[in-house]
Amino acid sequence: MIKDLKRKTALVTGAGKKAGIGYAIARKLAAAGADVVLADLIGKQTRQNTPVTASLDQISALAADLAKTFKIEAAALELDVTASDSVAQLAQKVQQQFGPIHIVCNNAGAVFGVPSALHTYDEGAWLKTIDVNLHGVFRVSKALVPLMTEGGCIVNVASRAAKVAPLFNGAYAVAKAGVVMLTRVMAKELAGAGIRVNAICPGVIQTDFTDWRFELEADILDATVEDRQAEMLKTIPMGRLGTPEEVADLVVFLVSDQSAYMTGQAINITGGQLMEI
Ligand code: NAD
């Protein structure tokens, strides 16, 4: 187990849901010894027919639990990656509380609107989806790189959809493909400053996001959720969905010295669903 993240400070966006990938990443970083900041949207809806996101008290309780369990510093901060003022406030608070930051994981993501072909895609939903998933990574990185004065690592959470065109989910796919290129650009620009930048491309991971997607597909195709899951599993050589903890293990590797010579990569974690690119 990687344990070399002591005296490092890590910020994870979209980390306020206990069942989500972001929280699993924050937890594994804390287990490896890093101080962690859980940043997330507070009390807003990120998809149709889903509950609003957690309250700051709920996220603070998650942070307090990590601090107690792993004997590290942990904080919960409000963040809307689509609002520059919110991102600026986050950077200011992080600097005040922790000083330099060493690890940034851009994990926040959302999908707006309903699945539809590009020529019928609702324009507002298209723009909002790209704003959260792509421009959000730009805003947070722009605000936090100046705090990475001691060097460090950035991991951007892209998706398998960045590399293989999905049907009827164009805005998300285009945004995540943009995240992969943004990762490469930043990796080149920041290598001289001792900052490595990599992306990860998860396949289908068991979170609320995936439950929502199966339910939506079942509704649209007049099928059952179980049918949709079974169809999906046929496309995954390992025959199961991934877990948030497995994704988090990859992130910990990418921010540790074990991956010291890797930058500008977009690593698949898909149970073999994606092998060629
Ligand atoms: P999730 O919906 O459980 O979590 C997403 C998190 O992002 C939530 O905590 C949400 O509050 C936060 N968020 C949304 N909009 C935000 C905003 N404007 N500002 C700040 N935070 C915001 O989803 P998840 O499955 O845990 O996904 C995490 C990341 O992994 C996302 O980027 C997603 O696109 C990506 N991903 C997920 C899967 C999967 O199968 N679950 C596959 C590939 C990629």
Side-chain angles (χ1 to χ4, degrees), residues 11-27 37-56 58-59 62 76-87 89-90 105-112 127-140 143 155-164 166 169 171-180 183 199-214 217 229 232 235-236 240-248 250-251 266-271 273-274:
L11 179 134
V12 185
T13 69
K17 281 170 78 171
K18 201 165 184 184
I21 293 172
Y23 175 73
I25 292 169
R27 194 170 205 285
V37 179
L38 280 59
D40 211 334
L41 198 63
I42 303 298
K44 300 257 172 61
Q45 202 177 26
T46 58
R47 294 185 286 269
Q48 65 161 12
N49 306 330
T50 50
V52 295
T53 53
S55 68
L56 192 56
Q58 287 168 317
I59 305 175
L62 291 179
L77 293 176
E78 178 166 9
L79 169 69
D80 180 351
V81 300
T82 66
S84 302
D85 55 345
S86 168
V87 176
Q89 279 171 25
L90 172 91
C105 181
N106 283 303
N107 165 77
V111 176
F112 294 92
L127 293 174
K128 276 166 81 175
T129 300
I130 293 182
D131 201 22
V132 175
N133 293 285
L134 175 58
H135 301 152
V137 178
F138 162 73
R139 288 189 192 94
V140 171
V155 177
N156 297 324
V157 180
S159 170
R160 172 178 177 268
K163 296 182 176 178
V164 180
N169 201 6
Y172 179 77
V174 167
K176 293 296 192 182
V179 169
V180 169
T183 300
I200 61 169
C201 297
V204 193
I205 310 301
Q206 185 60 68
T207 67
D208 295 350
F209 187 83
T210 299
D211 289 343
W212 169 81
R213 174 180 158 176
F214 283 138
E217 282 179 7
Q229 284 172 340
M232 178 60 75
T235 69
I236 303 173
R240 66 172 177 85
L241 304 188
T243 67
E245 289 71 28
E246 288 167 330
V247 176
L250 176 59
V251 174
I267 312 290
N268 304 329
I269 173 160
T270 66
Q273 195 187 28
L274 180 57

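All figures in this text were calculated on a predicted structure; none of them were measured in a lab. Just follow the structure's listing: the first ligand is 1, and inside any ligand the first atom is 1.
- With values rounded to the nearest 0.5 angstrom, K17 atom NZ is found 5.5 Å from T46 atom OG1.
- What sits closest to atom 23 (O) of ligand 1 on the protein, heavy atoms only, is F209 CB, 3.5 Å.
- Put simply, the residue from N156, V157, I21, N107 that forms a side-chain contact (heavy atoms from CB on, under 4.5 Å) with I200 is V157.
- Closest to atom 26 (O) of ligand 1, if we only count protein heavy atoms, is I21 N, 2.9 Å.
- For the pair T13 (side chain) and A108 (backbone), a donor-acceptor distance under 3.5 Å is present.
- Atom 5 (C) of ligand 1 has its closest protein heavy atom at G109 O, 3.6 Å.
- The proximity of T46 to ligand 1, defined as any non-hydrogen pair under 4.0 Å, is limited to the side chain.
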Apply the test side-chain contact (heavy atoms from CB on, under 4.5 Å) to residues V137 and N133: give CA-CA distance (whole Å), side-chain angles for both, the deciding distance (0.1 Å), then the verdict.
CA-CA 7 Å; V137 178; N133 293 285; over 6 Å; no
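- In this structure, G242 does not count as a contact residue of ligand 1, since none of its heavy atoms falls inside 4.0 Å of the ligand.
- When the heavy-atom distances from atom 40 (O) of ligand 1 to I205, D131, I42, V52 are ranked, the shortest goes to I205.
- Residue-ligand proximity, G14 to ligand 1, at heavy-atom distances under 4.0 Å covers atoms 6 (C), 7 (O), 9 (O), 12 (C).
- Taking CD of Q206 as the start and CG of D211 as the end, the distance is 5.0 Å to the nearest 0.5 Å.
- With a heavy-atom cut-off of 4.0 Å, T210 touches ligand 1 through its side chain alone.
- Every N/O-N/O distance between N133 and ligand 1 stays at or above 3.5 Å.
- Using 4.0 Å as the threshold, R213 has no heavy atom nearer than that to any atom of ligand 1.
- Judged by distance alone, the side chain of K176 and the main-chain N or O of K163 form no donor-acceptor pair under 3.5 Å.
- For the pair V204 and ligand 1, the shortest N or O to N or O distance does not fall below 3.5 Å.
- What sits closest to atom 18 (N) of ligand 1 on the protein, heavy atoms only, is D80 OD1, 3.0 Å.
- Screening L41, T82, D80 for a side-chain contact (heavy atoms from CB on, under 4.5 Å) with V132, the sole residue that qualifies is T82.
- Any N or O atom pair closer than 3.5 Å counts here, and A110 shares no such pair with ligand 1.
- Taking every heavy atom of G20 and a limit of under 4.0 angstrom, the matching atoms of ligand 1 come to 26 (O).
- Counting only distance, with no hydrogens or angles, the side chain of T210 and the backbone of I205 share a donor-acceptor pair below 3.5 Å.
- In terms of protein heavy-atom proximity, atom 38 (C) of ligand 1 is nearest to G203 O, 4.0 Å.
- In terms of protein heavy-atom proximity, atom 41 (N) of ligand 1 is nearest to T207 OG1, 3.2 Å.
- Taking CD of Q58 as the reference point, atom CG of D40 lies at 11.0 Å (rounded to 0.5 Å).
- In this structure, N107 has a heavy atom closer than 4.0 Å to ligand 1.
- For N268 (side chain) and P202 (main-chain N/O), no donor-acceptor pair under 3.5 Å exists by modelled atom type.
- In the vicinity of D40, heavy-atom distances shorter than 4.0 Å reach the ligand 1 atoms 8 (C), 9 (O), 10 (C), 11 (O), 12 (C), 13 (N), 21 (N), 22 (C).
- With a 4.0 Å heavy-atom cut-off, ligand 1 is reached by no atom of K44.
- Distances shorter than 4.0 angstrom occur between a heavy atom of Y172 and an atom of ligand 1.
- Looking only at distances, a side-chain donor or acceptor of T53 sits under 3.5 Å from a matching main-chain atom of G43.
- Given atom 22 (C) of ligand 1, the protein heavy atom at minimum distance is A108 CB, 3.6 Å.
- Heavy-atom separations between A158 and ligand 1 include at least one value shorter than 4.0 Å.
- The part of T53 lying near ligand 1 is the side chain, judged by heavy-atom distances below 4.0 Å.
- Interface atoms of ligand 1 facing V157, defined by a heavy-atom separation under 4.0 Å, are 29 (C), 30 (O), 35 (C).
- Between the side chain of D131 and the backbone N or O of L127 there is no donor-acceptor pair closer than 3.5 Å.
- Heavy-atom contacts of L79 reach the following atoms of ligand 1: 19 (N), 20 (C) (cutoff under 4.0 Å).
- In this structure, atom 19 (N) of ligand 1 lies nearest to the protein heavy atom V81 N, 3.0 Å.
- Distances between N or O atoms of K17 and those of ligand 1 include at least one value under 3.5 Å.
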